[in-house]
Amino acid sequence: MQETRRTNAERTRATRTALVAAARELFVDPGYAEASTPQIAAAAHVTRGALYHHYADKRDLFRAVVEAEAEAVAREIEARTSPVGSVHEAEAASVTRTAPRASDAPAPRSRHAPDAPDAPDAPDAPDARGMLVEGARAYLDAMSVPGRTRLLLVDAPAVLGAAEADALDARHARRTLRAGLAAAIDTAPDDTVADDPTDDAASDDEARTGQARGGGSRLAGSARPTTPRVGDDVAQDDRLDALTLLLSAAFDRAALALDGGAPPHPVRAAVTELVDRVCAPRTTR
């Protein structure tokens, strides 16, 4: 009986894999609007009844396709920025969904993705910025898989709605970006200079001298006014969420530009510069 259950599970997995792979190809060309469920079923070598057994309709199948694409993007980012084993731990901890995982369908290869470097150690102060840059590059490489930018950034909001497409991104690529930003911001140096004790002593002497002359009311040892830094009035989590959202939007625009034929080097250089600026110490107002 146990053997029969395993066989049924394998059959279900195989059917879903075939449907997702066939649907992905047809959603890219000729496109979501033109692709029909009979075409998808025929391409997957299953009946229409089997398609509707696993997915409620074409939109539900599209949801499974973009879920798999988003998982593939996050997996590539994690593979190039996380310590060995963290990808598997993240997958084991992920919430089980009815849609097939990215592993259910063969992931198309990136046109420009380089061989992944050896996995680095856990990020520390010198490495966090570099890992954030590498994550941005990994995102652009992952998005260069033919059809992926259109599926995730153009069709997903149109078919599923902006809210569901945003939630999809938050579960995958944006989640990895937030983690990288948190590490980089935590380890970014302050732009403030530590107070010199001799300066405090000199200031106290000046205050006492001024009072002796009757020309000042400053008390000895009183704190000097400090200039607040930009963002000091924003909670750290709120600041991190806002930075993640804005940087994610910039990366999406970069992916769209590259997909539209923009020269890769200036776009990638601009992404690196943007990360550098975000990770730079906060300035005073």
Side-chain angles (χ1 to χ4, degrees), residues 9 11-77 91 94-111 113 139-177 245 248-249 251-260:
R11 186 179 298 113
T12 295
R13 182 183 179 89
T15 301
R16 284 176 174 262
T17 298
L19 284 167
V20 168
R24 186 201 189 280
E25 184 174 348
L26 290 169
F27 289 157
V28 172
D29 184 18
Y32 177 82
E34 292 78 12
S36 66
T37 53
Q39 287 176 314
I40 295 170
H45 305 291
V46 301
T47 64
R48 288 186 67 192
L51 187 157
Y52 286 112
H53 173 74
H54 293 286
Y55 300 101
D57 51 25
K58 185 172 76 168
R59 184 172 180 267
D60 192 34
L61 180 53
F62 177 83
R63 179 180 292 110
V65 169
V66 293
E67 186 79 42
E69 293 295 303
E71 285 183 0
V73 172
R75 191 162 55 247
E76 177 155 350
I77 295 170
E91 289 179 348
S94 63
V95 178
T96 302
R97 291 178 292 274
T98 55
R101 296 163 60 106
S103 56
D104 290 345
R109 288 186 59 81
S110 167
R111 292 175 301 200
Y139 172 77
L140 294 179
D141 288 339
M143 292 297 285
S144 72
V145 169
R148 182 169 285 166
T149 296
R150 173 181 172 180
L151 287 170
L152 290 177
L153 302 184
V154 178
D155 292 345
V159 175
L160 302 177
E164 187 170 348
D166 182 71
L168 176 72
D169 184 44
R171 286 195 301 273
H172 298 296
R174 201 157 79 227
R175 167 182 56 78
T176 66
L177 174 58
L245 191 65
S248 174
F251 291 171
D252 288 350
R253 291 296 302 176
L256 287 166
L258 293 174
D259 191 62

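These figures come from a predicted structure and were not determined experimentally.
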Legend entry - Among T176, L177, D252, side-chain contact (heavy atoms from CB on, under 4.5 Å) partner for Y139: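 Exactly one pass, corresponding to D252.
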Inset, instruction - Could you check V20, T15, V46, L61 and say which one makes a side-chain contact (heavy atoms from CB on, under 4.5 Å) with H54? - result: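 The passing option is T15.
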Closest approach of [X] and [Y], non-hydrogen atoms and distance?
X	Y	answer
A18	A44	O-CB, 3.6 Å
L140	F251	CD2-O, 3.9 Å
A35	P30	N-CG, 4.3 Å
L51	A41	CD1-N, 4.1 Å
A33	K58	O-NZ, 3.7 Å

Legend entry - Polar side chain donor-acceptor pair, T37 to Y52, under 3.5 angstrom: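 There is such a pair (donor and acceptor under 3.5 Å, judged by atom type) between the side chains of T37 and Y52.
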Inset, instruction - Working to the nearest 0.5 Å, report the span between CE of M143 and CG of L153. - result: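 One finds 4.0 Å between CE of M143 and CG of L153.
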Legend entry - Distance (rounded to the nearest 0.5 Å) between D141 CG and I77 CD1: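 These two atoms lie 10.0 Å from each other.
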Can you confirm whether [X] sits close enough to [Y] that some side-chain heavy atom of one is under 4.5 Å from a side-chain heavy atom of the other?
X	Y	value
R171	E67	yes
L168	L152	yes
L245	R174	yes
V145	V73	no

Inset, instruction - Keeping the roles fixed (side chain from E164, backbone from G161), state whether a donor-acceptor pair exists under 3.5 Å. - result: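 Side chain of E164 to backbone of G161: no pair is present.
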Inset, instruction - Indicate yes or no for a side-chain donor-acceptor contact from R150 to the backbone of V28 under 3.5 Å, with no hydrogens or angles considered. - result: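 Side chain of R150 to backbone of V28, a donor-acceptor pair under 3.5 Å: yes, one is there.
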Inset, instruction - Before giving the answer on side chain to side chain contact (heavy atoms under 4.5 Å, CB included), spell out for V154 and L256 the whole-Å C-alpha distance, their side-chain angles and the decisive distance to 0.1 Å. - result: CA-CA 9 Å; V154 178; L256 287 166; 4.1 Å; yes
Inset, instruction - Run the numbers on R148 and R24 for side chain to side chain contact (heavy atoms under 4.5 Å, CB included), then give the verdict. - result: CA-CA 9 Å; R148 182 169 285 166; R24 186 201 189 280; 4.1 Å; yes
Inset, instruction - Start with the C-alpha distance between L19 and Y55, add both sets of side-chain angles, then the distance that settles side chain to side chain contact (heavy atoms under 4.5 Å, CB included), and finish with yes or no. - result: CA-CA 9 Å; L19 284 167; Y55 300 101; 3.9 Å; yes
Legend entry - D60: salt bridge (charged side-chain N to carboxylate O under 4.0 Å, His left out) partners, not counting sequence neighbours: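 Checked D60 against salt bridge (charged side-chain N to carboxylate O under 4.0 Å, His left out); matches are R63.
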Inset, instruction - Determine the interplanar angle of the F62 and Y32 rings, folded into 0 to 90°, and report it as parallel if under 30°, tilted if 30 to 60°, perpendicular if over 60°. - result: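 Perpendicular, since the angle between the ring planes exceeds 60°.
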Inset, instruction - Would you indicate whether R59, at its atom CZ, is surrounded by more than 12 heavy atoms from other residues, nucleotides or ligands within a distance under 6.0 Å? - result: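 Yes, the 6.0 Å shell around CZ holds more than 12 heavy atoms from other groups.
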